[in-house]
Amino acid sequence: MKPIIVISGPTASGKTALAVELAKKFNSEVVSADSMQIYKGMDIGTAKPAAEEMQGIKHNLIDIAEPYESYSVAQYSEAAEKVINRLHSEGKIPIMAGGTGLYINSVINGLDFSSGNSDENYRNELWSEAEKYGNAQLHKRLSEIDPESGKRIHENDVRRVIRALEVYKVTGMTMTEYRLAAAAAPPKYNAVKIGLEWDRAVLYDRINKRVDAMIRQGLEQEVRGLCNERFLKSTAAQAIGYKEMIAYFEGRMTLSEAIDAIKQGSRNYAKRQISFFGADKDINKIAVTGKDLPCIINEAEKLTGGLLL
RNA sequence: AGGGGUAUAGCUCAGUUGGUAGAGCAUUGGUCUCCAAAACCAAGUGCCGAGGGUUCAAGUCCUUCUGCCCCUG
């Protein structure tokens, strides 16, 4: 089984720095798992690693989409798999790093998003149905075909109710069966997962400071330059740091309100990430509060020491 | 100084004709198989500015004080 190293953690936890160090050590490359750094031109607000930070280490899956395009896990996992295969064929251990848990899981746990199991039209149909007849009606239909998912998914979580219905229509499998199949499948990689864990208050402080730094670096100008009709309707425009700036431009908040909202949004995001990664028992957590980079690298190396191609 | 207004959860506020308090946001916890920096669920919180009075009963009425806001001079 081919090895892979996965570095996860909340925003501003220092994933990039560790990934670069490990890539240097293993003479490999970084595979980014970040749903917003994929967009070109969104640099400051997504804290995209700058050239100095990368230290000559190649970062894959950054700047692979236009900000006005729509992109999703399905495309990501396909692209990531290609990069990983390439690295393996070159005899390198891929270093995957990023904060988008679903993206990581899609490749590591082999979640199946292949194009055959989606139906855009049906999905849209269900959305309008939900609007017309209400969430409860749709949820009831899910409960009939797949009681377990019905119990698991709240009726207001319309996206998931719809996706479960969609999966059933396209594959004939209920979402419950679908998940079971993924869980039963043998692991694709010999993955060593590392999670960076911070003391909450310290992490929040880092986040606040990082947002201030983004503003100094010219976040406002960056977002201004991106704004056009297509961008405003895109997924990318929902990114933290961007949606608030847009609100400011449109007069819905003052600049200082926008900055506060970015900080708050980032903190809330970090909390969700902590919760997401916390559920993965395979992650080896490194408590990093108060530790310097060499010390963190040392702990990470202990965890990855046994990996061989 | 005089007149008016206001004081309720960390914040912004709601509290009907008096029956010991609520919503949003924040916070905390959680969910997550194609928008995931998204979407969704759950939970806690109050000397109702301070004192006095009326009343069986006061966040709600009266009064004094204090803070803040507005108007007039």
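Heavy atoms only: backbone and side chains are in, while hydrogens, waters and symmetry mates are out.
If A/S72 and A/Y242 are placed on RNA chain B by their nearest nucleotide, the residue sitting closer to the 5' end is A/S72. Between A/G241 and A/S118, it is A/S118 whose nearest contact on RNA chain B lies nearer the 5' terminus.
Of the residues in residues 7-16 of chain A, not one comes within less than 4.0 Å of RNA chain B through any heavy atom. A heavy-atom distance below 4.0 Å to RNA chain B is reached by these residues of residues 179-193 of chain A, ordered by number: A/R179, A/A182.
Within 3.5 Å, no donor on the side chain of A/R160 pairs with an acceptor on the base of B/C40, nor the reverse. Within 3.5 Å, a donor on the side chain of A/R159 pairs with an acceptor on the base of B/A38, or the reverse.
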Distances under 3.5 Å between nitrogen or oxygen atoms of protein and nucleotides 41-43 of chain B:
unit_1: B/C41; atom_1: OP1; unit_2: A/N156; atom_2: ND2; d: 2.9

Can you check nucleotides 28-30 of chain B for protein contacts, nitrogen or oxygen pairs under 3.5 Å, and list what you find?
unit_1: B/U28; atom_1: OP2; unit_2: A/Y204; atom_2: OH; d: 3.3
unit_1: B/G29; atom_1: OP1; unit_2: A/R200; atom_2: NH2; d: 3.4
unit_1: B/G29; atom_1: OP2; unit_2: A/R200; atom_2: NH1; d: 3.0
unit_1: B/G29; atom_1: OP2; unit_2: A/R200; atom_2: NH2; d: 3.2
unit_1: B/G29; atom_1: N7; unit_2: A/K271; atom_2: NZ; d: 3.1

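Across all strands shown, A/Y71 has heavy atoms under 4.0 Å from sugar-phosphate atoms exclusively, and none from any base. Heavy atoms of A/S234 sit nowhere under 4.0 angstrom from any nucleic acid atom. Base engagement by A/S114 is indicated by at least one non-hydrogen atom pair under 4.0 Å involving a base atom. Across all strands, A/Q264 comes closer than 4.0 Å only to sugar-phosphate atoms, never to a base (heavy-atom distances). Within 4.0 Å of A/N117, counting heavy atoms only, lies at least one base atom of the nucleic acid. Residue A/G265 is classed as having no contact, given no heavy-atom separation below 4.0 Å to the nucleic acid. Within 4.0 Å of A/T100, counting heavy atoms only, lie sugar-phosphate atoms of the nucleic acid but no base atom. At a threshold of 4.0 angstrom between heavy atoms, the contacts of A/Y76 with the nucleic acid are absent.
Donor-acceptor pairing under 3.5 Å is recorded for the side chains of A/S114 and A/D112. No hydrogens or angles considered: a donor-acceptor pair under 3.5 Å links the side chains of A/Y269 and A/Q273.
Rounded to an integer number of Å, the gap from CG of A/L102 to P of B/C35 is 9 Å. Remark: C1' of B/A39 and OH of A/Y269 are 14 Å apart, rounded to the nearest angstrom. Taking atom CE of A/M253 as the reference point, atom P of B/U12 lies 17 Å away to the nearest angstrom. Rounded to whole angstrom, the span from the CG atom of A/D34 across to the C1' atom of B/C35 amounts to 15 Å. Here the P atom of nucleotide B/A38 and the CD1 atom of A/I38 are 14 Å apart, to the nearest Å. Between A/M175 atom CE and B/U31 atom C1' there is a gap of 13 Å when expressed in whole angstrom units. What separates CD1 of A/I262 from C1' of B/A26 is a distance of 17 Å, to the nearest Å. The distance between atom CD of A/E257 and atom P of B/C25, rounded to the nearest whole Å, is 16 Å.
Checked against side chain to side chain donor-acceptor pair (under 3.5 Å), A/E250 has the following partners two or more places apart in sequence or in another chain: A/R252. Under the salt bridge (charged side-chain N to carboxylate O under 4.0 Å, His left out) criterion, A/E222 pairs with no residue, sequence neighbours left out. For A/S234, the side chain to side chain contact (heavy atoms under 4.5 Å, CB included) test picks out A/F231, A/A236, A/A237, with sequence neighbours left out. Residues that satisfy the ring pair (Phe, Tyr, Trp, His ring centres under 6.0 Å) test with A/Y103, not counting sequence neighbours, are A/Y76.
The C1' atoms of B/U60 and B/G49 are separated by 16 Å, rounded to the nearest whole Å. Atom name C1', nucleotides B/U72 and B/G19: the rounded distance is 42 Å, in whole Å. Annotation: B/C62 and B/G2 have their C1' atoms spaced 22 Å apart (nearest Å).
A salt bridge links A/E90 with A/R86: at least one charged nitrogen is closer than 4.0 Å to a carboxylate oxygen.
Proximity of A/N105 to A/F276: side-chain heavy atoms (C-beta onward) are separated by under 4.5 Å at one or more points. Contact of the A/V6 side chain with the A/I194 side chain is not registered, since no non-hydrogen atoms from C-beta on lie closer than 4.5 Å. Looking at heavy atoms from C-beta onward, A/I286 lies in side-chain contact with A/L303 at the 4.5 angstrom threshold.
Nearest approach of A/P49 to A/Q37, heavy atoms of both residues: CD-OE1, 3.6 Å.
Residue pairs meeting the salt bridge (charged side-chain N to carboxylate O under 4.0 Å, His left out) criterion with at least one member in residues 261-280 of chain A, sequence neighbours excluded, are A/K193-A/D280, A/D212-A/K263.
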Watson-Crick and G-U pairing of RNA chain B, under 3.5 Å, as dot-bracket with | and [ ]: (((((((..((((........)))).(((((.......))))).....(((((.......)))))))))))).
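For the pair A/K169 and A/Y122, the cation-pi test (distance below 6.0 Å, angle within 45°) is passed.
Contact between the side-chain N/O atoms of A/K233 and the OP1/OP2 oxygens of B/C35 is not found at any separation under 4.0 Å. OP1 and OP2 of B/A38 both lie 4.0 Å or more from every side-chain N or O belonging to A/Q238.
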Derivation and outcome, side-chain contact (heavy atoms from CB on, under 4.5 Å), residues A/I57 and A/K24: CA-CA 7 Å; A/I57 297 297; A/K24 280 201 266 185; 3.7 Å; yes
Test log, rule salt bridge (charged side-chain N to carboxylate O under 4.0 Å, His left out), inputs A/K140 and A/E155: CA-CA 8 Å; A/K140 198 179 148 214; A/E155 69 172 50; over 6 Å; no
Trace of the side-chain hydrogen bond (donor to acceptor under 3.5 Å, both in side chains) decision for A/S149 with A/T176: CA-CA 6 Å; A/S149 291; A/T176 302; 3.1 Å; yes
Check against side-chain contact (heavy atoms from CB on, under 4.5 Å), A/E257 and A/E244: CA-CA 9 Å; A/E257 280 168 347; A/E244 297 85 354; over 6 Å; no
Donor-acceptor contacts under 3.5 Å from residues 62-69 of chain A side chains, at least two apart:
unit_1: A/D63; atom_1: OD1; unit_2: A/K48; atom_2: NZ; d: 2.5
unit_1: A/E66; atom_1: OE2; unit_2: A/K40; atom_2: NZ; d: 3.0
unit_1: A/E69; atom_1: OE1; unit_2: A/E66; atom_2: N; d: 2.7

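Distances were taken from every side-chain heavy atom of A/K243 (C-beta onward) to each of B/U33, B/C35, B/A38; the shortest belongs to B/A38. In this structure, the nucleotide among B/A38, B/U27, B/A36 sitting nearest to the side chain of A/I240 is B/A38.
With side-chain heavy atoms closer than 4.5 Å counting as contact, directly or through intermediates, A/M253 stands alone and belongs to no larger hydrophobic cluster.
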